[in-house]
Amino acid sequence: RAHPRAAHRHDVCTKLVRNHAHARSCLARLAFVAVLTSALTVFSSRWIRESYFTAAAVELLSDRVPNVRLAAAGLLPRLKGTCRLAEEKGLLDTMTAALVTLRKDDDKDVAAAA
């Protein structure tokens, strides 16, 4: 059955990703990382996986602003913990490749955080 709250929750999550994770402003992208940090403590791993948050956070690992990459790198271990090995093999491979790239980052703080 379609539940109106579930549809509303989906709309809010979609708008959050579109308006913050993909925003032109680095402050909006940092705000998205802060929201995701809170969401990881409140919501279940399954809900985090099913939302668009994980894919958006992985995209932020290659952001052009070092502080956004640094904040997203801090989320990486917790995001990996939400993924199931068999089901999200591609996403885990993407996270691992991003981690390798972050370790070679030009910004020393980002490289150290990775």
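These numbers come from the heavy atoms of this one structure, side chains and all, not from hydrogens, waters or symmetry mates. None of the values given here were measured: they were computed from a predicted structure.
Across A98 and L61, no two heavy atoms sit closer than the pair CB-CD1, 3.6 Å. The heavy-atom pair separating A21 from L60 by the smallest distance is O-CD2, 3.6 Å. Taking all atoms of both residues into account, the shortest heavy-atom contact from F32 to A57 is CE2-N, 4.2 Å. Between R78 and T41, the shortest heavy-atom contact is NH2-CG2, 3.1 Å.
Taking 4.5 Å as the limit, some side-chain heavy atom of K80 sits within range of a side-chain heavy atom of T96. For the pair P66/R69, a side-chain contact is recorded, criterion being any heavy-atom separation below 4.5 Å from C-beta on. Side chains of F53 and L40 form no contact here, defined as non-hydrogen atoms less than 4.5 Å apart. Proximity of T54 to M95: side-chain heavy atoms (C-beta onward) are separated by under 4.5 Å at one or more points. Contact of the E59 side chain with the H22 side chain is registered, since non-hydrogen atoms from C-beta on lie closer than 4.5 Å. For the pair L70/D107, no side-chain contact is recorded, criterion being any heavy-atom separation below 4.5 Å from C-beta on.
Heavy atoms from other residues, nucleotides or ligands lying under 6.0 Å from CG of D93 number more than 12.
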Worksheet item: For R103 and V110, what are the C-alpha separation, side-chain angles and deciding distance, and is it a side chain to side chain contact (heavy atoms under 4.5 Å, CB included)?
Response: CA-CA 7 Å; R103 287 185 180 149; V110 174; over 6 Å; no

Worksheet entry | Intermediate values then yes/no, side chain to side chain contact (heavy atoms under 4.5 Å, CB included), S38 and F43 | CA-CA 9 Å; S38 297; F43 297 109; over 6 Å; no

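Atom CG of L102 sits about 7.5 Å away from atom CG of L76, to the nearest 0.5 Å.
A continuous path of ILVMFWY side-chain contacts below 4.5 Å connects L79 to V42, so both sit in one hydrophobic cluster. Residues V12 and V17 fall into different hydrophobic clusters, defined by Ile, Leu, Val, Met, Phe, Trp and Tyr side chains chained together at heavy-atom separations under 4.5 Å.
R29 and D63 are joined by a salt bridge, as a carboxylate oxygen and a charged side-chain nitrogen come within less than 4.0 angstrom of each other.
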